[in-house]
2 protein chains.
Amino acid sequence: MVKKKETDAGTEQKILAAAKKVFVKKGMDGARMQDIADEAGINKALLHYYFRNKEKLFEQIFAESAGRFIPKVKAILIADTGFYEKIESFCGEYIDMVMQNPYLPMFVMNELQKQPAAMIKKIFKGSLPDLSKFIGQMQEEIKAGRIKPIHPAHLIMNMMSMCIFPFIGRPMLSAVMGISDTQFMTAMEERKKAVPKFIFDAIRK
Amino acid sequence: MVKKKETDAGTEQKILAAAKKVFVKKGMDGARMQDIADEAGINKALLHYYFRNKEKLFEQIFAESAGRFIPKVKAILIADTGFYEKIESFCGEYIDMVMQNPYLPMFVMNELQKQPAAMIKKIFKGSLPDLSKFIGQMQEEIKAGRIKPIHPAHLIMNMMSMCIFPFIGRPMLSAVMGISDTQFMTAMEERKKAVPKFIFDAIRK
DNA sequence: AATTTTGTTAACCAAATGGTTAAATCAAAT
DNA sequence: ATTTGATTTAACCATTTGGTTAACAAAATT
């Protein structure tokens with residue numbers, strides 16, 4: 001069984017790419033099935049032939065998008081590296097990933113907030129990172145007197161905030177500080193090193 | 001001219017309160033005029049009697065919501081207080097304000113991102129805070145050798161990120177760190193002091 | 001009290017939108 | 001060459017939704 005009539009790229013893949021583009025930009029409520037079909041260069045009926053309905057299609061896109069957020073956290077925090085390396089690689093890799101998908105954080109966070117708490121648990125089910133190792137390493141550093149006593153929750157919040165928020169607050173930040181798109185991206189590139197440095201400076205004793 | 005037929009609360013105010021509730025929760029695209037009417041306990045036609053259309057109503061709500069973000073920044077940064085006091089009061093007051101409107105940041109940032117760049121400039125027109133004084137104070141501290149040399153843009157981004165992001169990433173953060181709603185609010189209360197402390201520790205020489 | 005103005009509603013309308021149907025293509029199998 | 005089964009499309013349908021109309025009710029004005 002060779003590939004059927006499907007065009008080169010594969011209709012299903014074209015649809016997924018188009019859907020991702022439209023959903024990420026407009027959100028579940030703002031997205032139109034017709035727009036997705038147009039973007040994919042196909043008929044609207046064909047869209048429903050491949051994906052039963054809007055919700056099913058959305059779920060697929062959302063799961064894939066949300067999935068990008070957690071596994072990376074998990075891998076980094078569980079890795080067999082030191083406390084400081086973990087912070088460094090988390091910031092570097094996270095900011096890097098988000099730079100390649102600047103609208104993903106807003107999309108995921110926004111849709112996540114619309115879901116009921118129960119659904120959220122289901123979404124993260126299994127993919128939740130085990131923080132205990134990271135927290136353990138942190139408490140070791142505290143006990144050894146190398147870093148100040150700070151609640152792990154706050155440190156993690158601070159780290160994620162500084163990595164992700166600039167992309168969510170981009171329009172406001174750009175307006176407030178009067179910076180262009182290229183200046184923004186340059187600043188983000190800097191932050192891959194600047195954020196971990198800021199954190200180390202804050203916690204080092 | 002006494003008040004007309006309007007019920008005690010004033011129909012217009014009831015509408016605005018209802019609209020804010022629905023828009024902030026569902027966003028422009030997800031909000032339904034019927035839902036707003038129901039929430040306000042009035043007929044849908046009456047909604048259009050007070051506000052010509054959905055867009056006009058949305059603009060009013062959005063302007064009021066977005067307006068809460070900037071003026072406070074402005075007032076604090078321009079105030080005749082010291083560099084450190086400004087950071088303290090910014091974090092304290094900002095987190096306080098957001099705690100009272102936990103869904104406001106997501107709403108404003110999300111709608112802002114959908115607007116074209118030109119519209120954003122118009123929105124912030126005039127209300128843009130003058131950062132020069134704050135930056136000047138900061139550079140003085142740097143020159144005096146009391147804080148490390150750090151780009152003001154990064155400091156401001158870090159400060160705003162740590163104050164605002166937890167409310168935007170709340171579902172994710174709550175899931176990742178397994179905390180309840182009350183635990184979350186307790187943590188936010190702590191952050192009013194913890195964030196400025198974190199910042200001072202990071203920049204102090 | 002009569003009249004005009006303002007506030008409120010039920011019923012209605014047109015456009016948009018998610019989804020379906022039935023026919024048409026096309027590639028593979030017979 | 002014919003048949004078969006999957007793919008694709010144009011046309012259509014039902015519901016939702018923003019918005020309007022016309023009539024009614026309550027104040028305000030005369």
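Bear in mind the structure is a predicted one, so any value in this text is a computation, not a measurement. Below, chains carry the letters A, B, ... as their sequence lines are ordered, and counting in each starts from 1.
- With axes fitted over five pairs at each extremity, the angle between the ends of the helix from C:dA1-D:dT30 to C:dT30-D:dA1 is 10° (10° resolution).
- Of the two residues contacting DNA chain D, namely A:Lys44 and B:Asn43, the nearest-nucleotide position lying further toward the 5' end is that of A:Lys44.
- In this model, the phosphate group of C:dG7 is not approached by any side-chain N or O of B:Thr11 to a distance below 4.0 Å at OP1 or OP2.
- Contact between the side-chain N/O atoms of A:Tyr49 and the OP1/OP2 oxygens of C:dT20 is not found at any separation under 4.0 Å.
- A:Ile42 places its CD1 atom 13 Å from the P atom of D:dT7, with the value rounded to the nearest Å.
- B:Phe165 meets the ring-ring contact (aromatic ring centres under 6.0 Å, His included) test with no other residue; sequence neighbours excluded.
- B:Asp38 places its CG atom 12 Å from the P atom of D:dT17, with the value rounded to the nearest Å.
- Residues from residues 23-37 of chain B lying near DNA chain C, meaning a heavy-atom separation below 4.0 Å, are absent.
- Rounded to whole Å, atom C1' of D:dG19 lies 14 Å from atom CD of B:Glu55.
- Between B:Lys193 and B:Glu88 there is no salt bridge, since none of the side-chain N atoms of the basic residue sits less than 4.0 Å from a carboxylate O of the acidic one.
- Separating the OH atom of B:Tyr50 from the P atom of C:dT6 is a distance of 12 Å, rounded to the nearest angstrom.
- With respect to A:Asp96 and A:Lys192, a salt bridge is recorded, a charged nitrogen being found less than 4.0 Å from a carboxylate O.
- Closest to the A:Leu46 side chain, of the nucleotides D:dT9, C:dG7, D:dG19, is D:dT9.
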Please list, one pair per line, the donor and acceptor atoms closer than 3.5 Å that link side chains of residues 149-160 of chain A to other protein atoms, with sequence neighbours excluded.
from	atom 1	to	atom 2	distance (Å)
A:His151	ND1	A:Ala153	N	2.9
A:His154	ND1	B:Arg191	NH1	3.1
A:His154	NE2	B:Glu190	OE1	2.6
A:Asn158	OD1	B:Arg191	NH1	3.1
A:Asn158	OD1	B:Arg191	NH2	2.5
A:Asn158	ND2	A:His154	O	3.3

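- Out of C:dT21, C:dT9, D:dT8, the shortest distance to the side chain of A:Ala45 is found at C:dT21.
- Protein atom NZ of B:Lys56 is 14 Å distant from nucleotide atom C1' of D:dG19, rounded to whole Å.
- For the pair A:Arg52 and B:Leu47, nearest-nucleotide mapping onto DNA chain C gives the more 5' position to B:Leu47.
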Using side chain to side chain contact (heavy atoms under 4.5 Å, CB included), reason through A:Phe134 and A:Phe83 one step at a time and then give a plain yes or no. CA-CA 7 Å; A:Phe134 179 74; A:Phe83 174 69; 3.6 Å; yes
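- The interatomic distance linking A:Leu57 (CG) with C:dT17 (P) rounds to 17 Å, in whole Å.
- Backbone-only contact: B:Asn53 has heavy atoms under 4.0 Å from sugar-phosphate atoms and none from a base.
- Between the side chain of A:Asn101 and the main chain of A:Met97, a donor-acceptor pair closer than 3.5 Å is present.
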Kindly indicate, with the supporting measurements, whether the criterion salt bridge (Lys or Arg N to Asp or Glu O under 4.0 Å) is fulfilled by A:Lys14 and A:Glu39. CA-CA 9 Å; A:Lys14 278 200 303 182; A:Glu39 179 72 33; over 6 Å; no
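- The ring-ring contact (aromatic ring centres under 6.0 Å, His included) search around A:Phe200 returns A:Tyr84, not counting sequence neighbours.
- Evaluation of the salt bridge (charged side-chain N to carboxylate O under 4.0 Å, His left out) rule for B:Glu141 yields B:Arg146 as partners, not counting sequence neighbours.
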